[in-house]
Amino acid sequence: MTDILNYINGELLPAQSNDWLDNYEPATGEVYSRIADSDAADVELAVQAARAAFPAWKRTSVDERARLLSAIADKLEHWNEALAEAESMDNGKPVWLARTVDIPRAAHNFRFFAHAITQWPSESHAMPDVAINYTLRDPIGVVGCISPWNLPLYLFSWKIAPALAAGNCVVAKPSEVTPMTAFLLANICREVGLPAGVLNIVHGLGSKCGNAIVSHPQIKAISFTGGTKTGEHIARIAAPVFKKLSLELGGKNPTVVFADCDLDQTVNEVMRTAFSNQGQICLCGSRIYVERSIYDKFRDALTAKVKALKVGDPMDAGNQQGAIVSKLHFDKVLSYIELAKQEGGRLLTGGHTVKPEGRCQNGWFIAPTLFENLAPDCRTNQEEIFGPVATITPFDSEDEVVGYANGTAYGLAASVWTTDLKRAHRVAAALESGIVWVNCWLLRDLRTPFGGVKQSGVGREGGVEALRFFTEAKNVCIKL
Ligand code: NDP
């Protein structure tokens, strides 16, 4: 049984209380490791280590910071297979998905920000014959990074890499539900010689350890990805002390399919959009709107594809769908399936648990589920389920579907499927969403701004947006 330890001041440590939390393998429903159950005392230790490391890290040359981040990326690539297996075991996601998406993209995050920081220009604004202004961008100091369980290492590194590249020291907490790859990252940081205290990883419950990070007066900024309710709670703590905040929150993303789409390709892609990672990606499109003239054909083709998805042991490369991340979340997703039925939803496929034979018979598996006949304003179509449950609904006009798409409290991502270029531009402009994909989904260029509008968040990550967030701008004005 592995002990998942904190990484504080370069050392691997249990919680000072010596308390532990069980860590489950979702595919078996069994405890397979234990996690340091950290509290405010451990966070304090991490903050003091980060504060002590900050002056030297801030002065470390950009080239050296970039070298260390690249070395971490190299190690992540080198250990891709082992990390993918660890991620799959901890999260329940298919190992092939972790191998091809989660771990390579985590490595890419470190490599991208290693390069980005060496290429980040400072601004200068000349006032001819009067003055010249230039902008200094200093690291903030000690910053907090808190990430969720759905893409554990991928989203953890998406925050840590820009924070470190910009010269900050970090106190980070992965989700207590999926802590394993953050622990393995700590080992990699020790191997590459990241100076002690520059990155500190504290494990434990959000309500205890996470809350202590958010409330700590010497942590000057919080980058958080997680649920909207948790984001609201964090904002309440941070606002009165003017802490800088980046909040990447929930979504209820629309997928808009017009009759002129490439039907075969779109059916395949829409299935991926709805059910990748068991629907547990904040960018998944769980509300599928299809133009009425192709509705029946599209629905039948999609239903057949979804029905054919193989659910089972995430370690088996033949399975397309793995387990739901936790018992708590499994129960929540099942409760939404019941709600959809009560709201009059017609079940097209799925709607039940799956019991694979063998080692996974007690795991938390749900068949990918598709409903039709649900009104756009019902709870099933308004609330984030964050699981393998999607709805499909016909529409008659562009205005109508834009209304449906925009008709939730969220605004993270949307996808539009059409071969009409003018329509693609028009609809993309009309959607209230931080990201719009046209004829694609999850295609990512790390230079682009990433984030949501409305209750999907505040601020943007990615490229220079992240570097701006993790620095304070100072204008220097020199009179000529
Ligand atoms: P939570 O909001 O429950 O948790 C996110 C993180 O915050 C976890 O590390 C959690 O710790 C921690 N946390 C919980 N309570 C507190 C607190 N009071 N103070 C500080 N930290 C706290 O989200 P989930 O982990 O359930 O993730 C799913 C959610 O994340 C979905 O809503 C999804 O849409 C959203 N998400 C958004 C993305 C985006 O980019 N917009 C990307 C991915 C997911 P612990 O787990 O230990 O409780």
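Just so it is clear, the structure is predicted and the values come from calculations on it, not from any experiment. Start at 1 and go down the list; that is how both ligands and their atoms are numbered.
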Given Pro179, Pro148, Ala413, Gly210, which one has a non-hydrogen atom that is nearest to atom 20 (C) of ligand 1?
-> Gly210
Determine whether the side chain, the backbone, both or neither of Glu384 has a heavy atom under 4.0 Å from any heavy atom of ligand 1.
-> side chain
Closest candidate by heavy atom, reference atom 46 (O) of ligand 1, pool Ser175, Pro152, Ala182 | Ser175
Among non-hydrogen protein atoms, atom 41 (N) of ligand 1 lies closest to Leu249 O, 2.7 Å
Contact atoms of ligand 1, heavy-atom distance to Leu412 under 4.0 Å | 41 (N)
Do any N or O atoms from the side chain of Gln382 and from the backbone of Gly407 form a donor-acceptor pair under 3.5 angstrom?
-> yes
Here the atoms of ligand 1 under 4.0 Å from any heavy atom belonging to Val214 are 20 (C)
Subset of ligand 1 atoms that lie under 4.0 Å from at least one heavy atom of Leu155 = 42 (C), 43 (C)
Among non-hydrogen protein atoms, atom 7 (O) of ligand 1 lies closest to Phe224 CE1, 3.1 Å
Measure from NZ or CZ of Lys244 to the centre of the six-membered ring of Phe469, then state whether that distance is under 6.0 Å and the direction lies within 45° of the axis.
-> yes
Counting heavy atoms only, which of Ile435, Thr230, Val177 comes nearest to atom 15 (N) of ligand 1?
-> Thr230
Could you tell me whether Glu472 and Arg137 make a salt bridge, using a distance below 4.0 angstrom between a side-chain N and a carboxylate O?
-> no
Any idea which part of Thr225 is under 4.0 Å from ligand 1, heavy-atom wise: side chain, backbone, both or neither?
-> both
Look at the side chain of Asp22 and the backbone N and O of Val31, then say whether any donor-acceptor pair between them is shorter than 3.5 Å.
-> no
Answer yes or no: does atom NZ of Lys454 have more than 12 heavy-atom neighbours from other residues, nucleotides or ligands under 6.0 Å?
-> yes
Should the proximity of Asn211 to ligand 1, defined as any heavy atom under 4.0 Å, be assigned to the side chain, the backbone, both, or neither?
-> both
Rounded to the nearest 0.5 Å, how far apart are CD of Gln320 and CG of Leu97?
-> 11.5 Å
Heavy-atom nearest neighbour in the protein, as seen from atom 10 (C) of ligand 1, with distance rounded to 0.1 Å = Lys173 NZ, 3.9 Å
State if Cys209 counts as touching ligand 1 under the rule of any non-hydrogen atom under 4.0 Å.
-> no
Residue selection (non-hydrogen contact nearest atom 42 (C) of ligand 1) among Cys282, Gly250, Gly144 = Cys282
Tell me which part of Leu283 gets within contact of ligand 1: side chain, backbone, both or neither, using heavy atoms under 4.0 Å.
-> neither
Pull out every atom of ligand 1 sitting under 4.0 Å from any heavy atom of His233, numbered as shown with elements.
-> 18 (N)
Specify the protein heavy atom at minimum distance from atom 40 (O) of ligand 1: its residue, its atom name, and the distance to 0.1 Å.
-> Phe450 CE2, 3.3 Å
Salt-bridge present (Glu269, Arg272; N to O < 4.0 Å) = yes
Contact between Gly204 and ligand 1, counting heavy atoms under 4.0 Å?
-> yes
Kindly check if the number of other-residue, nucleotide or ligand heavy atoms within 6.0 Å of NZ (Lys229) is above 12?
-> no
More than 12 heavy atoms of other residues, nucleotides or ligands under 6.0 Å from CZ of Phe330: is that the case?
-> yes
For ligand 1, indicate whether the residue Lys229 contacts it via side chain, backbone, both or neither (heavy-atom separation under 4.0 Å).
-> neither
How long is the gap from CG on Leu153 to OG1 on Thr178, to the nearest 0.5 Å?
-> 10.0 Å
Pair Lys75 + Glu191, salt bridge at N-O below 4.0 Å | yes
among protein heavy atoms, the one nearest atom 25 (O) of ligand 1 is Trp149 CD1, 2.9 Å
Which option out of Gly226, Ser147, Gly206 puts a heavy atom nearest to atom 6 (C) of ligand 1?
-> Ser147
With heavy atoms only and a cut-off of under 4.0 Å, state how Asn150 meets ligand 1: side chain, backbone, both or neither.
-> side chain
Mark whether atom 4 (O) of ligand 1 lies under 4.0 angstrom from at least one protein heavy atom.
-> no
Considering only non-hydrogen protein atoms, determine which one is nearest to atom 28 (C) of ligand 1 and report residue, atom name and distance to 0.1 Å.
-> Phe386 CE2, 3.6 Å
Note: Asn200 and Ala46 closest approach over all heavy atoms is ND2-O, 3.7 Å
Relative to the heavy atoms of Pro174, which atoms of ligand 1 are at a distance of less than 4.0 Å?
-> 9 (O)
With side chain to side chain contact (heavy atoms under 4.5 Å, CB included) as the test, would you mind laying out the steps for Tyr154 and His108 before giving the verdict?
-> CA-CA 9 Å; Tyr154 179 5; His108 190 200; over 6 Å; no
Point-to-point distance, once rounded to the nearest 0.5 Å, from CD of Glu372 to CG of Leu347 | 10.0 Å
Got more than 12 heavy atoms from elsewhere within 6.0 Å of CZ, Arg447?
-> no
min-distance protein heavy atom vs atom 12 (C) of ligand 1 -> Ile146 CG2, 3.7 Å
For ligand 1, which atoms have a heavy atom of Leu205 less than 4.0 angstrom away?
-> 47 (O)
Charged N to carboxylate O below 4.0 Å: is that the case for Asp39 and Lys208?
-> no
Under-4.0 Å heavy-atom contact with ligand 1, by part of Leu151 that carries it = neither
Closest protein heavy atom to atom 23 (O) of ligand 1, given as residue, atom name and distance to 0.1 Å = Gly227 N, 3.3 Å
Considering residues, nucleotides and ligands other than Trp79, do more than 12 of their heavy atoms fall under 6.0 Å from its CH2?
-> no
